[in-house]
Amino acid sequence: MKTVLIRDIGQYNGKQVTLKGWLYNRRSSGKIQFLIIRDGTGFIQGVLVQSDVSSEDWELAAGITQESSVQVTGTVKEDSRSPLGFELQVEKIEVITSAQDYPISLKEHGVDFLLDHRHLWLRTPRQAAIMHIRNTVVKAMRDWLDAQGFTLVDAPILTPAACEGTTTLFETEYFGDKAYLSQSGQLYMEAAALALGRVYCFGPTFRAEKSKTRRHLIEFWMMEPEMAFVDHNGNMALQEEMVKFVVRTVLDKHRNDLALLERDTAKLENVINKPFAKMTYDEAIDYLQKQGHEIQWGDDFGAPDETVLANLHDGPVFVEHFPTAIKAFYMKPVPGRPEVVLAADLLAPEGYGEIIGGSQRIDDLDLLLQRIQEHKLPEEAFKWYLDLRRYGSVPHSGFGIGLERFVSWICGLSHLREAIPFPRLINRLYP
RNA sequence: UCCUCAGUAGCUCAAGGGUAGAGCAACCGGCUGUUAACCGGUAGGUUGCAGGUUCAAAUCCUGCCUGGGGAGCCA
């Protein structure tokens with residue numbers, strides 16, 4: 001007997017198949033039982049009619065507990081009452097392992113309880129939909145980069161010092177020395193871009209900030225492309241194309257998952273059908289001040305400021321040319337305006353905040369050296385980085401895109417913690 | 001670190017000075033088309049911890065602990 005996946009069940013209409021999975025829920029109505037089986041690729045309703053199965057199978061099915069692992073054999077039947085379009089007329093059922101007192105019920109639960117049971121919470125349809133979309137987002141980003149001639153270059157996670165020197169790092173011991181968990185692979189990507197042209201890294205990123213909001217994780221995944229011979233405008237063009245490609249791919253492949261998440265897909269359609277809006281930092285400050293925000297030129301945006309700017313548009317918006325003083329040391333000044341840099345943040349619509357931060361990098365050795373001194377960074381630690389400007393320096397740009405923020409926005413989640421399988425949050429390192 | 005809200009049955013929540021309750025889950029029974037099924041029954045409690053006020057505290061007061069939401073920081 002062939003074991004098939006629920007995802008492929010439509011190919012077996014009228015045929016007898018075997019499914020291996022878990023019992024998600026059971027309903028009964030006297031002489032008929034409905035078993036909801038999940039196998040990781042989908043959910044299907046199995047129907048048992050008492051008169052059609054042996055009394056042993058009938059009794060066995062009646063006693064199966066929630067989340068017991070099962071093997072079910074039956075005939076696939078098209079049925080308009082099924083959300084999937086198909087049901088399984090069950091003929092034989094076996095329990096692989098019986099589950100006892102499964103903690104997560106089908107009713108609502110609180111966040112604390114669910115996070116404590118994240119290892120089981122992942123079994124629910126909603127979480128499965130998010131994980132499938134997350135998978136597609138990663139694959140689409142990588143497919144797109146591959147097609148554009150990018151090479152994946154893995155950056156180290158254990159690093160000798162801060163890449164940007166500002167945010168708090170997780171410190172660990174490295175054979176008697178101190179080492180830090182990476183907060184960005186960017187500097188390494190610059191080296192790789194000058195070796196391989198177009199590169200990107202994708203891996204976990206660690207920020208020891210005591211952030212406690214729906215937009216922050218202690219450990220999150222970031223993809224960081226870096227391109228030689230690409231300037232600030234080329235950088236933004238690449239970002240826009242990639243974001244549109246990913247959104248389009250998810251819309252193509254995950255209509256059902258997005259519907260299950262109750263995502264308004266019209267808002268995503270908007271994104272792929274027109275150019276992203278652009279505004280400068282100067283224009284943004286002007287606007288915010290006219291709206292009555294207490295913000296001065298030179299200040300960084302707060303979360304409420306970002307939301308107001310993002311709400312000006314029904315798609316993502318680039319904000320560019322930030323003050324040099326509030327941005328990283330390696331960003332290239334705007335020609336003729338040294339007080340601002342060739343950097344842009346991409347703000348997602350609907351209050352999801354900054355999903356991309358990117359910039360053109362300084363390619364001049366003397367200026368970079370000056371910036372390292374201004375930021376009081378240890379010159380010795382950046383010796384290799386300075387070498388990149390010493391040996392065949394070229395204009396180059398790159399950006400970092402936060403996977404969980406991207407996934408949250410696409411899925412319409414209210415909190416980043418649902419966008420990653422096992423979220424690391426302040427006060428939460430379990431499970 | 002700061003602001004704010006909340007901790008009562010396995011879960012989600014009532015009871016706001018006077019015997020601690022419901023729905024779901026569990027268990028028993030009923031029902032041939034259920035979609036978080038439904039109906040009847042059984043069992044389930046040191047009301048986060050410590051102290052205080054009171055004849056009497058889940059309820060009022062103080063402190064602590066834990067968690068949620070937000071600020072700052074940023075992807």
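Order of the sequence lines fixes the chain letters, A, B, ..., with proteins taken first and strands second; residue numbering starts at 1 for each chain.
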Dot-bracket for RNA chain B: what is it, with Watson-Crick or G-U pairs under 3.5 Å, [ ] where a pair crosses earlier ones, and | for a pair to another strand?
(((((((..((((....[..)))).(((((.......))))).....(((((..]....))))))))))))....
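Comparing the C1' positions of rG63(B) and rC55(B) gives a spacing of 26 Å, expressed to the nearest Å. Rounded to whole Å, the separation between the C1' atoms of rG70(B) and rU8(B) comes to 27 Å. Taking atom P on both nucleotides, rC65(B) is separated from rA56(B) by 30 Å, rounded to a whole Å. Spacing between rC61(B) and rG68(B) at atom C1', rounded to whole Å, works out to 25 Å. A gap of 13 Å separates the C1' atoms of rA14(B) and rA9(B), to the nearest Å. Comparing the same atom, P, in rA22(B) and in rG45(B) gives a spacing of 14 Å after rounding to whole Å. Between rC11(B) and rA26(B), the distance separating the two C1' atoms is 12 Å to the nearest Å. Spacing between rG17(B) and rG52(B) at atom C1', rounded to whole Å, works out to 16 Å.
The pair D116(A)-R428(A) meets the salt-bridge criterion, since a charged nitrogen lies less than 4.0 angstrom from a carboxylate oxygen. Salt-bridge annotation for K278(A) and E320(A): absent, with no side-chain N of the basic residue lying under 4.0 Å from a carboxylate O of the acidic one. Classification of R198(A) and D146(A) as a salt-bridged pair fails, no side-chain N sitting under 4.0 Å from a carboxylate O.
Rounded to an integer number of Å, the gap from OH of Y430(A) to P of rG67(B) is 14 Å. In this structure, N427(A) atom CG and rC65(B) atom P are separated by 12 Å, rounded to whole Å. Atom pair I218(A):CD1 and rA75(B):P shows a separation of 14 Å (rounding to whole Å applied). Straight-line distance from the CG atom of D305(A) to the P atom of rC73(B): 10 Å, rounded to whole Å. Taking atom CG on L425(A) and atom C1' on rG70(B), their separation rounds to 15 Å, with Å as the unit. L169(A) has its CG atom 17 Å from the P atom of rC73(B), to the nearest Å. Between I426(A) atom CD1 and rC73(B) atom P there is a gap of 16 Å when expressed in whole angstrom units. Between the CD atom of E209(A) and the C1' atom of rC2(B) there is a distance of 15 Å, given to the nearest Å.
Aromatic ring pairs are classed by plane angle as parallel below 30°, tilted from 30° to 60° and perpendicular above 60°; the pair H321(A) and H232(A) is tilted. Ring pair W297(A)/Y281(A) is perpendicular by interplanar angle, where above 60° counts as perpendicular and below 30° as parallel. Between F318(A) and F276(A), the angle of the ring planes lies from 30° to 60°, which puts this pair in the tilted group.
Base engagement by E108(A) is indicated by at least one non-hydrogen atom pair under 4.0 Å involving a base atom. If you check every strand for non-hydrogen atoms under 4.0 Å, G110(A) touches sugar and phosphate atoms only. Here L403(A) lies out of heavy-atom contact (under 4.0 Å) with every strand. Note on H117(A): nothing from the nucleic acid sits closer than 4.0 angstrom, heavy atoms only. Across all strands shown, I355(A) has heavy atoms under 4.0 Å from sugar-phosphate atoms exclusively, and none from any base. Among the atoms of the strands shown, base atoms are found under 4.0 Å from some heavy atom of L416(A). Within 4.0 Å of F220(A), counting heavy atoms only, lies at least one base atom of the nucleic acid.
The local environment of NZ in K139(A) is sparse, with at most 12 non-hydrogen atoms from other residues, nucleotides or ligands closer than 6.0 Å.
Side-chain polar atoms of Y330(A) and Q186(A) form a donor-acceptor pair below 3.5 angstrom. Using modelled atom types and a 3.5 Å distance limit, the side chains of Q45(A) and R81(A) yield no donor-acceptor pair. In this structure, a donor-acceptor pair under 3.5 Å is absent between the side chains of H216(A) and E209(A).
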For nucleotides 25-34 of chain B, just jot down a letter per nucleotide in 5' to 3' order: B, S or -, based on protein non-hydrogen atoms under 4.0 Å.
------BBBB
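Non-hydrogen atoms lying under 4.0 Å from RNA chain B are contributed by nothing in residues 122-156 of chain A.
Under 4.0 angstrom from either OP1 or OP2 of rG67(B) there lies no side-chain N or O belonging to R417(A). Note on H109(A): every side-chain N or O is 4.0 Å or more away from OP1 and OP2 of rG10(B).
T324(A) places a side-chain N or O within donor-acceptor distance of the main-chain N or O of P338(A), the cut-off being under 3.5 Å.
Of the candidate nucleotides rG68(B), rC74(B), rA71(B), rC74(B) has the atom lying nearest to any side-chain atom of H216(A). Of the candidates rG67(B), rG72(B), rC11(B), rG72(B) carries the atom nearest the T213(A) side chain, counting heavy atoms from C-beta on.
When the nearest nucleotides of RNA chain B are assigned to A303(A) and L346(A) by heavy-atom distance, the more 5′-ward of the two goes with A303(A). Place S414(A) and K327(A) on RNA chain B by their nearest nucleotides, and S414(A) ends up nearer the 5' end.
Remark: T265(A) pairs with L251(A), R255(A), L258(A) by the side-chain contact (heavy atoms from CB on, under 4.5 Å) rule, at least two apart or across chains. Legend: residues meeting side chain to side chain donor-acceptor pair (under 3.5 Å) with D264(A), ordered by chain and number and at least two apart, are absent.
Annotation: side chain to side chain donor-acceptor pair (under 3.5 Å) contacts involving residues 399-412 of chain A, sequence neighbours excluded, comprise R134(A)-E404(A).
No N or O donor and acceptor, one from the side chain of S211(A) and one from the base of rC74(B), sit under 3.5 Å apart.
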